[in-house]
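A short worksheet on the structure shown next.
Just the heavy atoms: all of them, side chains too, but no hydrogens, waters or symmetry mates, feed the values below.
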Amino acid sequence: MGGLQAAWSIMSMVTLTPFFAFLFSIVFMASIGKSFGVRRLYVNLLVKIFEFGRQNIESVRKQQFANITQSDPEDEDAPTGDNPSPDAADTGDGTGSAKTNGTLPNGGSHRYMNGRDTSSHIANGGNTVISRAESLILSPEMIDDTRSKSAEPQEEGAGGGTRDQGEEGDEETKSDGSEGGGGEHEAAGFKLSNCLDYVKSGMEAIIEDQVTSRFLAEELKNWNLLTRTNRQYEFISWRLTVIWMIGFLIRYFILMPMRVLICFIGVIWLTLCTAVVGCVPEGSIKRALVKNVLIQCFGFLSSALSSVVNYHNIQNRPLNGICVANHTSPIDVLMLMCDNCYSLIGQRHGGFLGVLQRALARASPHIWFERAEAKDRILVAKRLKEHVTDPKNPPILIFPEGTCINNTSVMQFKKGSFEVGGVIYPVAIKYDPRFGDAFWNSSRYSMMQYLFLMMTSWAIVCDVWYLPPMERQEGESAIDFANRVKRVIADQGGLVDLVWDGQLKRSKPKKEWKEKQQEKFSKLLKGE
C-alpha cells in the first residue's frame, strides 16, 4: 500500500508539477500584457478544424444529392409510345419539349440544387428570413409619410388601367337609377386596399420581426462542433463524429476544470488586490496603482475564457470623459478592462457579479444603481456629471443600449449619457461566433449558467475598435447625437443599425407609437 502511494506521489510530481508551472507562466504573462502566442495558435488550429468539418459536410451533402438523383432515374427518362411525358410540354416551336432547369412538374424544385441544400439557405443568411419594403416597416420614430407619397404615382398608373372598369361601373350605377356622385364619395372613403400594406407588414412581423431575433443566439454559417448551436452535424459522418467526441472530452474534462480554477484564483486575487489598493490614500500614486492592478487582474481573468482580443486604433483609447460601446454580454467589461482602466456604471447585481462590483468599488469610483428607483436615477445623473467634470477620474464606461444584444445589431441608445456633455469616445465590439456565443440571454440563463457555457466553449475571440472622439454639435439634440454615435459604432463593427428600444424584450411597445401609426392610417383614409 505504501508503495502505491509513493508511486502516485512520484507520478504527480513528474506530470502535474510541470503542467501547473506551464499553466501559471501562461496566465502570468497574460496578466502583464505579454503572451507566448499559445492561445492564438490554438485559435488558428480551431479554424483549420472547422474548415475541415465544413468540407466534410459539403462532401457528404454532395454524396446525398448523388444518391437522390440516382434513386429516381425513371423520372428523368422520357417515355416512349403513345403516352407523352407530362414534363414534355408543347413550346409552340414544334419540338414538343421544354427545358425544366431542375424544376419539378408541379412547379417546385429539388431540395438539393447544385449540391447545396436550398432549405438551409435562408437559415444561413443570418437574421433575415424575409425581404421587406422599407416603407412598410413600422418605426417608432416620427417620420414623414413617405409611403403615401410613393403611392401617388401608383394610384395614377392604376387609375389609368382601371378607368375602363370605372366607366363600366358608372354605367351600371346609372342603369340602376343611382347618381354618379356616389362613385366619388366611395373613392374618398374607405377602400379595402388601403389596409393591405398594414396586413402584409403585420404578417411579416409574425413571421420575423426586427426585435425578437436580436435576443436569440446568432446563427452560424458553418458548424463549430458545438451541439448548442443552430446546427448539429455530429453524426453526419464518422470523421466528424470522432472529432466531435474528442472535442467534447477536451472542452469538458481538460479546458473547463482549468478555466474554473483560473477564474476562482482570479476572483480571489482581484478581491485581495482591490482591498489593498483601497487602503492607499487618494492621489496620483493610488490612481497609477489602480490602473495597473485592474489591468493585470482582468488580464488574469481573461485567461479563464481563453480569450483572444484584437485592439484596433489604440491611439483613440479614451483617457477621460465618457466611453460608450455596444453591449453583448457582461464580459464586454472584461474585454475592455484588459487594455485600459475604466470606471463603471450599471445596475446593481447580486451573486457572482455582485462580488466583483463590491471589489471594484473599494479601489476606484464606480456608480451602481437600481433601475426601479426613480430617485436613484436622478442621483446617478448628478454623480455622472461630477465624475466627468473631474479630469483626474478615469473614463467611465457606459452601455447606452441598457440590455444585451446578440452582437448582430445596435439598438436604440438612451439619451441620458449624451446629455451630460463633454467628449464621447465610441468603442465597437464584435465577437467571432465561431468559437463561442458571447451573447447573454438573461431571460433564459442565469449568470452561473452563462459562465458554464462560456467555459465549455472553444474560446472567446473578439475585435475592439477605438473610434475617434466625438462631441455634440451646436444645435444638435441629445437624441440626434446618440443616433450619430450609434451609427458610427454600427458601421465600424459591421452591425445592423436599428431604431428599436432594446427594453422591448421586457415590456410592451409604447402607447405613443401605436397612436402615431393610427394617426398615419387615418390620414391615408382621409386622402391627406
Side-chain angles (χ1 to χ4, degrees), residues 139-143 210-211 214-215 318 321-330 332-333 336 342-349 353 357 366-389 395-429 439-440 442-443 467 469-473 476-493 495-513 516:
S139 172
E141 293 183 337
M142 179 63 74
I143 57 175
Q210 290 185 331
V211 177
R214 309 303 168 181
F215 305 111
I322 299 177
C323 175
V324 298
N326 57 302
H327 196 25
T328 304
S329 161
D332 294 340
V333 177
L336 294 176
Y342 297 92
S343 293
L344 303 179
I345 179 174
Q347 182 181 1
R348 184 178 287 109
H349 292 275
L353 282 181
Q357 288 179 338
H366 300 278
I367 304 175
W368 310 121
F369 62 91
E370 298 290 347
R371 295 183 184 276
E373 299 178 4
K375 295 182 179 180
D376 202 15
R377 286 173 176 261
I378 299 175
L379 179 62
V380 166
K382 180 180 179 181
R383 292 179 59 188
L384 182 59
K385 291 182 180 180
E386 294 175 355
H387 183 96
V388 173
T389 54
I396 188 164
L397 179 61
I398 301 178
F399 301 105
E401 291 168 298
T403 187
C404 296
I405 315 298
N406 67 352
N407 208 225
T408 61
S409 61
V410 182
M411 304 193 77
Q412 183 185 88
F413 277 9
K414 304 297 186 297
K415 65 177 182 178
S417 57
F418 299 91
E419 293 176 333
V420 176
V423 181
I424 298 292
Y425 292 87
V427 175
I429 306 174
F439 168 60
W440 181 32
S442 58
S443 60
L467 302 177
M470 303 176 65
E471 294 184 4
R472 186 173 172 180
Q473 298 177 356
E476 185 179 27
S477 65
I479 296 177
D480 293 337
F481 185 33
N483 291 332
R484 183 161 61 93
V485 174
K486 178 168 66 76
R487 184 165 55 251
V488 170
I489 292 176
D491 292 342
Q492 180 61 71
L495 306 172
V496 180
D497 187 3
L498 297 178
V499 298
W500 298 101
D501 186 2
Q503 298 299 327
L504 285 174
K505 73 175 181 180
R506 298 186 180 93
S507 60
K508 295 181 179 180
K510 295 180 179 179
K511 184 179 179 181
E512 292 79 5
W513 296 354
K516 290 178 183 178

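- Note that CD of Q412 is 11.0 Å distant from CD1 of I405, once rounded to the nearest 0.5 Å.
- Evaluation of the salt bridge (Lys or Arg N to Asp or Glu O under 4.0 Å) test over residues 402-418, restricted to residues two or more places apart or in two chains, returns K414-D501, K415-E419.
- Proximity of I322 to I398: side-chain heavy atoms (C-beta onward) are separated by under 4.5 Å at one or more points.
- At a threshold of 4.5 Å between non-hydrogen side-chain atoms, the residues V410 and V496 do not count as touching.
- Among P469, S417, P318, the one residue that satisfies the side-chain contact (heavy atoms from CB on, under 4.5 Å) test with C323 is P318.
- E401 contributes a side-chain N or O that, together with a main-chain N or O of M411, makes up a donor-acceptor pair within less than 3.5 Å.
- Among residues two or more places apart in sequence or in another chain, the side-chain hydrogen bond (donor to acceptor under 3.5 Å, both in side chains) test is passed with D332 by H327, Y431.
- The side-chain hydrogen bond (donor to acceptor under 3.5 Å, both in side chains) search around S329 returns Y450, not counting sequence neighbours.
- Taking K385 as the reference, nothing meets the salt bridge (Lys or Arg N to Asp or Glu O under 4.0 Å) condition, with sequence neighbours excluded.
- Residues meeting the ring-ring contact (aromatic ring centres under 6.0 Å, His included) test with F413, sequence neighbours left out: none.
- Considering CZ of R383 and CH2 of W368, their distance stands at 10.5 Å, rounded to 0.5 Å.
- Looking only at side-chain heavy atoms (C-beta outward), F399 and V333 come within less than 4.5 Å of each other.
- Residues L336 and Y342 come closest through the heavy atom pair O-CE1, 3.6 Å.
- With N406 contributing its side chain and F439 its backbone, the two residues share no donor-acceptor pair below 3.5 Å.
- Put simply, the side chain of V427 does not reach to within 4.5 Å of the side chain of L467, judged on heavy atoms.
- Residues that satisfy the side chain to side chain contact (heavy atoms under 4.5 Å, CB included) test with T389, not counting sequence neighbours, are absent from this structure.
- Here the side chains of H366 and I345 are not in contact, with every heavy-atom distance at 4.5 Å or above.
- In this view, D497 and K486, R487, A490 satisfy the side chain to side chain contact (heavy atoms under 4.5 Å, CB included) rule, not counting sequence neighbours.
- Between N326 and N407, some side-chain heavy-atom pair lies under the 4.5 Å cut-off.
- Looking at residues two or more places apart in sequence or on another chain, you find no ring-ring contact (aromatic ring centres under 6.0 Å, His included) involving H387.
- Taking both residues in full, the closest heavy atoms of S409 and L498 are given as OG-CD1, 3.8 Å, listed atom of the first, atom of the second, then distance.
- A search for side chain to side chain contact (heavy atoms under 4.5 Å, CB included) contacts involving E476 returns R472, Q473, D480, F481, R484, not counting sequence neighbours.
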